[in-house]
Amino acid sequence: MFDRYFRISERGSTLGREIRGGLATFFTMAYILVLNPIILGSAEDKFGHRLDTVQLTTATALVAAVMTVVMGIGGNLPLALAAGLGLNAVVAFQIAPLMSWDDAMGLIVVEGLLICVLVVTGLREAVMRAIPQPLKQAISVGIGLFIAFIGFVDAGFVSRIPDAANTTVPVQLGGSGTLTGWPVLVFCLGVLLTVGLLARKVKGAILISIVTMTLVALVINSVADIKSWGLTTPEWPDKVVDTPDFGLLGHFSLFGAFGETGAITVVLLVFTLILSDFFDTMGTVVGITAEAGLLDEDGKVPHLGRVLLIDGAAAVAGGAASASSATSYIESAAGVGEGARTGFANLVTGGLFGLALFLTPLLTIVPLQAAAPALVAVGFLMMTQVKHIDWDRYDIAVPAFLTIAVMPFTYSITNGIGAGFLAYAVIKTVLGRAREVHWLLWAASALFLVYFAIDPIEQVLGVK
């Protein structure tokens with residue numbers, strides 16, 4: 001029955017390969033069960049509220065389990081889904097400070113619904129044509145640097161210099177210009193371990209590093225006198241297995257964001273989410289399908305519309321569960337490397353995520369210093385896209401550079417995308433090639449122009 005439905009033999013696979021592939025994919029991407037709660041849980045909304053780490057872990061595991069299985073059954077591809085790194089950073093550090101958590105998660109739901117509309121109406125091709133490929137790659141690189149910077153800051157490897165220091169240097173090494181304390185040592189060792197495992201191409205390198213350094217942190221915390229680890233102290237819980245806490249499910253507001261911030265800001269935030277989610281998914285889906293040898297004779301992904309629709313539904317599910325937008329994972333390549341060729345592998349991966357629902361106490365002992373090296377590693381992996389940008393063409397290189405640089409330097413993904421779009425439109429116009437800029441890109445650039453100039457515009461209009 002499984003063979004007929006999933007076409008396992010037809011695609012040159014076996015049940016054993018699918019099971020191994022499902023296991024490999026889970027252990028390669030299981031770090032999200034630790035990282036997503038840490039990223040979302042470390043941020044405060046406009047009203048100073050934080051999301052509960054235990055509830056976040058439950059929500060993250062639930063969405064990953066359900067949507068990975070749905071993709072396996074509906075899309076029949078070995079493509080797992082979970083909360084998207086980069087997207088959760090946008091929610092935590094860009095959107096939540098402007099509104100409540102319910103409003104922020106409502107924007108994720110809106111974003112997912114709009115992606116579904118784009119898929120159903122066929123507008124995805126138009127959007128794909130509108131954004132030049134180098135800018136898409138630059139966005140990925142910029143988000144990678146931003147994520148890495150967050151990792152360095154969260155671990156205490158980098159800290160902001162207080163204004164009282166009377167210096168023009170905004171950040172420094174450690175808390176006082178030097179690296180001090182056991183927690184920072186855990187982070188440094190974690191970075192070295194992670195990059196070493198990645199260089200050796202060890203499957204599950206990120207997860208191995210997180211687990212290893214958490215064990216090291218547990219030992220250090222038990223024998224050393226440490227003032228603070230930050231948000232999470234590595235202490236063995238009273239119980240390893242516990243009932244899942246579904247307290248965050250359904251806590252979202254579709255239109256509350258409009259009451260907390262301006263309509264233009266809301267539109268730009270949703271646009272940023274759509275851009276990041278939609279194009280990352282396209283690249284991941286094509287890359288995984290190609291590696292599995294499943295592209296048709298025209299180089300197209302089988303049932304692409306259905307796959308993208310499920311991915312859009314995953315974003316809706318992530319927002320509705322307060323786990324941030326869920327999206328397709330490039331780590332699914334680990335499963336493909338083990339031989340997975342069908343959606344049956346997703347049943348294995350999704351089942352393991354379901355099992356993780358009951359292991360929340362064990363997952364919430366991971367300190368930031370043990371998990372942050374994964375952010376640095378993911379930042380590196382996203383940075384590799386920079387090699388595809390033609391740096392000899394200024395009309396491409398300058399917008400790409402601004403996109404990459406502005407994101408971490410302003411701690412804002414939206415600002416980086418806006419800077420890149422505006423620079424691209426202006427440079428093309430200066431070179432007399434304005435017609436090369438798609439009208440959708442002109443429209444987005446106009447919105448970003450208003451976004452950057454909102455203060456003088458409000459003064460002219462007498463708003464403030």
[atom1]/[X] to [atom2]/[Y] distance, rounded to the nearest 0.5 angstrom?
| X | Y | atom1 | atom2 | value |
| --- | --- | --- | --- | --- |
| L23 | T349 | CG | OG1 | 7.5 Å |
| L79 | M67 | CG | CE | 11.0 Å |
| L381 | L198 | CG | CG | 6.0 Å |
| L118 | L113 | CG | CG | 11.0 Å |
| L51 | L248 | CG | CG | 5.5 Å |
| I95 | I108 | CD1 | CD1 | 5.5 Å |

If only atom types and distance count, is the side chain of [X] paired as donor or acceptor with the main-chain N or O of [Y] below 3.5 Å?
| X | Y | answer |
| --- | --- | --- |
| S159 | G174 | yes |
| D103 | L254 | no |
| N346 | T68 | yes |
| R50 | S42 | yes |
| R306 | G74 | yes |
| R17 | G12 | yes |
| R341 | V336 | yes |

- Using the side chain to side chain contact (heavy atoms under 4.5 Å, CB included) rule, take L145 and M383 through it: C-alpha gap first, then chi angles, then the decisive distance, then the call. CA-CA 7 Å; L145 288 178; M383 180 73 188; 4.0 Å; yes
Nearest non-hydrogen partners of [X] and [Y], listed with the distance:
| X | Y | value |
| --- | --- | --- |
| K46 | L98 | CD-O, 3.5 Å |
| P237 | P361 | CG-O, 3.7 Å |
| M71 | S328 | CE-OG, 4.3 Å |
| T403 | G420 | OG1-CA, 3.1 Å |

Kindly list each side-chain donor-acceptor pair under 3.5 angstrom involving residues 210-223, sequence neighbours excluded, with atom names and distances?
unit_1	atom_1	unit_2	atom_2	d
T212	OG1	I208	O	2.8
T214	OG1	I210	O	2.7
N221	OD1	W229	NE1	2.8
N221	ND2	P234	O	3.3
S222	OG	L218	O	3.4
S222	OG	V219	O	2.6

- Message: So, using ring pair (Phe, Tyr, Trp, His ring centres under 6.0 Å) as the criterion, who are the partners of F401 when residues are at least two apart?
- Response: none
- Message: F258: which residues meet the ring pair (Phe, Tyr, Trp, His ring centres under 6.0 Å) condition with it, sequence neighbours left out?
- Response: none
Sequence-distant partners of [X], side chain to side chain donor-acceptor pair (under 3.5 Å), two or more places apart:
| X | value |
| --- | --- |
| T261 | none |
| S322 | none |
| T194 | S209 |
| S13 | E18 |

Please list all pairs passing the side-chain hydrogen bond (donor to acceptor under 3.5 Å, both in side chains) test where one or both residues lie in [range], with sequence neighbours left out.
| range | result |
| --- | --- |
| residues 374-386 | none |
| residues 85-94 | N36-N88, Q94-S412 |
| residues 242-251 | Q55-D245, K239-D242 |

- Task: Any chance you could lay out the side chain to side chain contact (heavy atoms under 4.5 Å, CB included) test for V348 and T25, step after step, and finish with the verdict?
- Result: CA-CA 9 Å; V348 178; T25 295; over 6 Å; no
- Message: Would you call the rings of Y411 and F149 parallel, tilted or perpendicular, taking 30° and 60° as the class edges?
- Response: perpendicular
- Please report the C-alpha distance between F353 and M29 in whole Å, then the side-chain angles of each, then the deciding distance to 0.1 Å, and finally whether the side chain to side chain contact (heavy atoms under 4.5 Å, CB included) criterion is met. CA-CA 10 Å; F353 273 118; M29 62 184 287; 3.9 Å; yes
- Any side-chain heavy atom of P97 within less than 4.5 Å of one from D45? no
- Could you note down all residue pairs passing ring-ring contact (aromatic ring centres under 6.0 Å, His included) where residues 308-349 supplies at least one of them, sequence neighbours left out? F2-F344, F6-F344
- Message: Set out, in order, the CA-CA distance, both residues' side-chain angles and the distance that settles side chain to side chain contact (heavy atoms under 4.5 Å, CB included) for D102 and F252, then state yes or no.
- Response: CA-CA 4 Å; D102 286 2; F252 67 95; 5.5 Å; no
- Query: Which residues satisfy the side chain to side chain contact (heavy atoms under 4.5 Å, CB included) test with L309, sequence neighbours excluded?
  - Reply: C116, V119, V120
